[in-house]
Amino acid sequence: MAKISMATPLVEMDGDEMTRILWKMIKDDLLSPFIELNTEYYDLGLEHRNETDDQVTVDSANATKKYKVAVKCATITPNAARMTEYNLKQMWKSPNGTIRAILDGTVFRTPIIVKGIEPCVKNWKKPITIARHAYGDVYKGSEMKIPGAGKAELVFTAEDGTVTKELIHDFTKPGIIQGMHNINDSIESFARSCFNYALDVKHDLWFATKDTISKKYDHTFKDIFQEIFDAEYADKFKAAGIEYFYTLIDDAVARVMKSEGGFIWACKNYDGDVMSDMISSAFGSLAMMTSVLVSPDGYYEYEAAHGTVQRHYYKHLKGEETSTNSVATIFAWSGALRKRGELDNNKELMEFADKLEKATIDTIEAGTMTKDLALITTLENPNVVNSEGFIKAIRATLEKMM
Ligand code: NAP
Ligand code: MG
């Protein structure tokens with residue numbers, strides 16, 4: 001059988017530790033035998049980031065602007081321990097942060113659903129995708145402890161010197177205050193990324209804030225979403241048969257619990273931080289969660305939602321067997337290949353992406369899985385395999401489908 005060709009490259013960002021090991025296995029066993037892989041390769045492994053003074057990360061993000069699609073392996077975000085372990089020149093910033101800053105995107109996280117790994121919430125039948133706004137609010141807040149009586153105010157001094165003040169509180173006793181901000185541009189980008197992604201995957205979009213209490217701050221989020229929706233997306237949503245639905249955050253939480261899933265839930269920064277952990281653990285496992293960064297300009301970067309699985313890597317280095325789940329990394333590749341196919345009108349490539357995902361799911365549903373899933377599956381007598389065995393099992397399923 002002739003291999004599937006790719007007219008345009010996609011940006012390949014290699015990474016660290018156990019996921020770097022899985023990365024190579026996935027390419028060798030699941031991709032290269034079927035596709036004439038066309039990638040522009042960037043090594044974001046920590047050693048190479050250190051050698052290039054992290055320029056490689058910036059270059060890979062700029063390449064994503066050029067080719068529009070990237071696939072990224074998990075990478076180490078250095079801390080003090082990594083400084084010594086890798087003899088680093090500097091404590092380089094999180095590559096994901098650097099890439100996000102260049103592409104200005106929103107991250108969408110979606111659980112991968114398989115029979116035998118049941119969500120804790122029994123009525124959830126379809127995935128719930130969380131879209132988290134990644135700028136501002138409490139994450140860029142400034143705070144103060146108030147030692148005793150006194151007046152706390154919000155003060156804005158315009159460039160022309162005009163001062164606007166708003167009373168926070170007349171303190172008579174010690175307390176605390178916090179100031180936070182957001183920027184209309186950032187909220188607009190967030191809204192467009194969400195609307196575009198909803199159209200892409202044809203799922204309804206939900207958005208919720210606390211606008212009844214926060215009549216200026218949260219209400220601005222609500223207004224910006226509504227204005228952009230009405231002006232640019234209402235017709236497109238109608239044509240796609242999907243809805244934009246706004247409600248209060250507490251109402252949203254109640255509805256999410258009672259829903260059967262199958263929608264995107266756009267969240268402000270803090271809500272997204274908290275709710276994505278709730279959603280991912282309720283659906284089963286971080287290793288069964290895809291993540292894609294979508295920029296308002298239509299650039300896509302696919303990755304797994306988990307990290308480099310360091311503990312497994314150290315076992316691997318000692319020659320011990322590992323049973324690391326490669327599903328999220330496989331889906332990062334299938335997501336990127338499908339998007340490449342879509343942009344290039346390459347039907348074969350899109351079909352291959354579908355088959356790769358189906359082969360992965362079928363393999364698990366037939367009972368072959370890694371240890372993390374075996375611990376939570378409702379299937380009886382699962383066939384627990386090692387990291388490599390799992391990929392080989394998917395290969396066997398895939399070959400039967402091709
Ligand atoms: P992690 O790599 O996600 O792993 C945490 C634990 O979750 C693992 O020890 C393992 O549990 C389980 N796990 C995660 N993925 C798994 C998989 N695919 N298969 C099986 N089990 C899996 O998080 P971490 O240990 O906190 O971070 C390690 C490194 O990853 C850090 O250097 C961090 O900076 C980096 N990181 C990168 C990204 C990214 O690039 N997007 C995201 C998060 C973290 P058991 O050990 O109990 O089996
Ligand atoms: Mg969190």
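The residues of the chain are indexed from 1 along the displayed sequence. Counting starts at 1 for both ligands and their atoms, following the listed order.
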Mark yes or no: R109 above the aromatic ring of F283, with NZ or CZ under 6.0 Å from the six-membered ring centre and no more than 45 degrees from the axis. no
For residues 329-337, tabulate all N or O donor-acceptor pairs below 3.5 Å that involve a side-chain atom, not counting sequence neighbours.
residue : atom : partner : partner atom : Å
S334    : OG   : I330    : O            : 3.4
S334    : OG   : F331    : O            : 3.1
S334    : OG   : E357    : OE2          : 2.6

Could you list the residues that satisfy ring pair (Phe, Tyr, Trp, His ring centres under 6.0 Å) with Y135, not counting sequence neighbours? H181
Carboxylate-amine/guanidinium contact E342 R338, below 4.0 Å: no
Polar side chain donor-acceptor pair, E303 to N96, under 3.5 angstrom: yes
When you look for protein heavy atoms under 4.0 Å from ligand 1, which residues do they belong to? K72, A74, T75, I76, T77, R82, N96, A287, E303, H306, G307, T308, V309, R311, H312, T324, N325, D372
Only pairs at least two apart or in different chains count here, so list each ring pair (Phe, Tyr, Trp, His ring centres under 6.0 Å) that has a residue in residues 352-380. F34-F352
